[in-house]
2 protein chains.
Amino acid sequence: MSKIKETSTNFENKIFLNECDQIFAASLIAGQWTLVICCHLTTGKLRFGELKKRIPTITERMLTLQLRKMEEGDLVKRTVYAEVPPRVEYELTKSGQELSPILKQLGEWGKNHRKTRNAEKSCTTHKVLAQ
Amino acid sequence: MSKIKETSTNFENKIFLNECDQIFAASLIAGQWTLVICCHLTTGKLRFGELKKRIPTITERMLTLQLRKMEEGDLVKRTVYAEVPPRVEYELTKSGQELSPILKQLGEWGKNHRKTRNAEKSCTTHKVLAQ
DNA sequence: TATGGTACTATCATAGATGTAAGTAATGAG
DNA sequence: CTCATTACTTACATCTATGATAGTACCATA
């Protein structure tokens, strides 16, 4: 693989294309509740009401909106059973499952980064940080 | 490592703690321009004006705001030189650099996910999607 | 007929993110 | 003295995400 000049249009384009996919991916996990929902679904299918119970602070409206957005983004699959009272199950799609390890890494990074930050802050300013 | 009952509080807590770090990490890369800026800084230091040139569609205001947020989040380091006209350089911190490979993976996932989606859509609905 | 459970939907209100346009400090060049 | 340069800041407008609250369809059950 030959090295591309950093000033070439090609080089800029490569960066830009990469950005695009990253931004596309990031936008799919951007919602305030998306990762929480994702996390709860990693262990298997859950009904709407079960999700609501596990995420007590979410409103039904937001849960609906987020699940729809995630369905739209092909992260979750929604299965409706023609029963009364209604039963709807949500599960991660294949893509959703493939995202999990990356999110896990992101979480690891977050953990370390948070530690590093707090260490540096307390080292330089000797302040205790909330959270 | 013994298996934890899925119904135990401990199990729920483990999920929740993991969530926290992920959400913390996600919030740091959440800005509309954060990843774009990150991307351009992976190749080295850049001045404010250079970043602006490389991201023609960003306004000065947004560039400032995002950079400040990234500085606040310890993703970038800001160096001011006492010159006139002023010179300010931005570069990724160690944490910012460590985030790069994960973002790269995220981009890879995004690329594949986008492909899969389009393939499935065109397969079932035979529609051409405007991206 | 009245009630309950499930998974929503509709409406209104607010907070936060982003965009537009203009202005600023400092100083060297002319 | 005037102007250009750089990295901003300020004020205002708008757009999007989130929140609070109430209402709905369906039918089994009492």
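Each chain gets a letter, A, B and so on, in the order its sequence line appears, and its residues count up from 1.
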**Student:** What is the nucleic acid contact for A:E50, judged by heavy atoms within less than 4.0 Å: base, sugar-phosphate only, or nothing?
**Tutor:** nothing
**Student:** Expressed in angstrom and rounded to an integer, what is the separation of B:Y81 atom OH from D:dC8 atom P?
**Tutor:** 13 Å
**Student:** Keeping the roles fixed (side chain from B:T116, backbone from B:N112), state whether a donor-acceptor pair exists under 3.5 Å.
**Tutor:** yes
**Student:** Could you tell me how far apart B:I58 (CD1) and D:dC8 (P) are, to the nearest whole angstrom?
**Tutor:**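 Taking CD1 of B:I58 and P of D:dC8, I get 13 Å after rounding.
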**Student:** Would you say the side-chain atoms of B:E50 pair up with the backbone N or O of B:R47, donor to acceptor, closer than 3.5 Å?
**Tutor:**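 Side chain of B:E50 to backbone of B:R47: a pair is present.
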**Student:** Heavy atoms from C-beta onward define the side chain here; which of C:dC8, C:dG5, D:dC8 lies closest to that of A:F48?
**Tutor:** C:dC8
**Student:** What nucleic acid atoms does B:T64 come within less than 4.0 Å of, heavy atoms only: base, sugar-phosphate, or nothing?
**Tutor:** base
**Student:** Could you check which of C:dT18, D:dC8, D:dT18 has an atom nearest any side-chain atom of B:Y90?
**Tutor:**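 Of the options given, the side chain of B:Y90 lies nearest D:dC8.
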**Student:** Nearest whole Å is fine: how far is C:dT20 C1' from B:M62 CE?
**Tutor:**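 So the CE-C1' distance, B:M62 to C:dT20, works out to 13 Å.
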**Student:** Between A:Q32 and B:R87, which has a closest nucleotide on DNA chain D that is more 5'?
**Tutor:**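 Between the two, 5'-proximity favours B:R87.
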**Student:** Please report the distance, rounded to the nearest Å, between CZ in B:R47 and C1' in D:dT6.
**Tutor:** 7 Å
**Student:** May I ask you to verify if any side-chain N or O of B:R78 is less than 4.0 angstrom from the OP1 or OP2 atom of D:dC8?
**Tutor:**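 B:R78 to D:dC8 OP1/OP2: side-chain N or O found under 4.0 Å.
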**Student:** Please determine, for the side chain of B:V84, which listed nucleotide (C:dG5, C:dC8, C:dA26) has the closest atom?
**Tutor:**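 From the listed options, C:dA26 comes nearest.
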**Student:** For A:K104, look at atom NZ and say whether over 12 heavy atoms of other residues, nucleotides or ligands are found less than 6.0 Å away.
**Tutor:** no
**Student:** Would you indicate what A:E83 reaches in the nucleic acid, counting non-hydrogen atoms under 4.0 angstrom: base, sugar-phosphate, or nothing?
**Tutor:** nothing
**Student:** Do A:E89 and A:R87 meet the salt-bridge criterion of a basic N to acidic O distance under 4.0 Å?
**Tutor:** yes
**Student:** Rounded to whole angstrom units, what separation is found between the CG atom of B:L63 and the P atom of C:dT18?
**Tutor:**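 So the two atoms are 13 Å apart, to the nearest Å.
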**Student:** If you assign each of A:R61 and A:E89 to its closest nucleotide in DNA chain C, which residue comes earlier from the 5' end?
**Tutor:**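 Taking each residue's closest nucleotide, the earlier one in sequence belongs to A:E89.
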**Student:** Which listed nucleotide (D:dT6, D:dC8, D:dT18) is nearest to the side chain of A:Q66?
**Tutor:**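 Nearest listed nucleotide: D:dT18.
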**Student:** Which nucleotide in the list D:dT6, C:dA7, D:dG19 gets nearest to the side chain of A:W33?
**Tutor:**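 Minimum distance to the A:W33 side chain belongs to D:dG19.
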**Student:** Whole angstroms only, please: what is the CG-C1' distance between B:L67 and C:dT18?
**Tutor:**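 Checked: the CG to C1' distance equals 15 Å.
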**Student:** Of all the heavy-atom pairs spanning B:H40 and B:L51, show the shortest one and how long it is.
**Tutor:**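 The answer is CB-CD2, 4.1 Å.
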**Student:** Between atom CG in B:L65 and atom P in D:dT9, what is the gap in whole Å?
**Tutor:**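 After rounding, the reported distance stands at 9 Å.
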**Student:** Using whole Å, what does the distance between atom P of nucleotide D:dA17 and atom CD1 of B:I23 come to?
**Tutor:**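 Taking atom P of D:dA17 as the reference, CD1 of B:I23 is at 18 Å.
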**Student:** Out of D:dA7, D:dT6, C:dC8, which nucleotide sits closest to the side chain of A:E60?
**Tutor:**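 Shortest atom-to-atom distance from the side chain points to C:dC8.
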**Student:** Please confirm whether B:R114 makes a cation-pi placement over A:F24, using NZ or CZ under 6.0 Å from the six-membered ring centre and within 45° of the ring normal.
**Tutor:** yes
**Student:** Side chain of A:P86 only, please: which of C:dA7, D:dT6, C:dC8 is the nearest?
**Tutor:** C:dA7
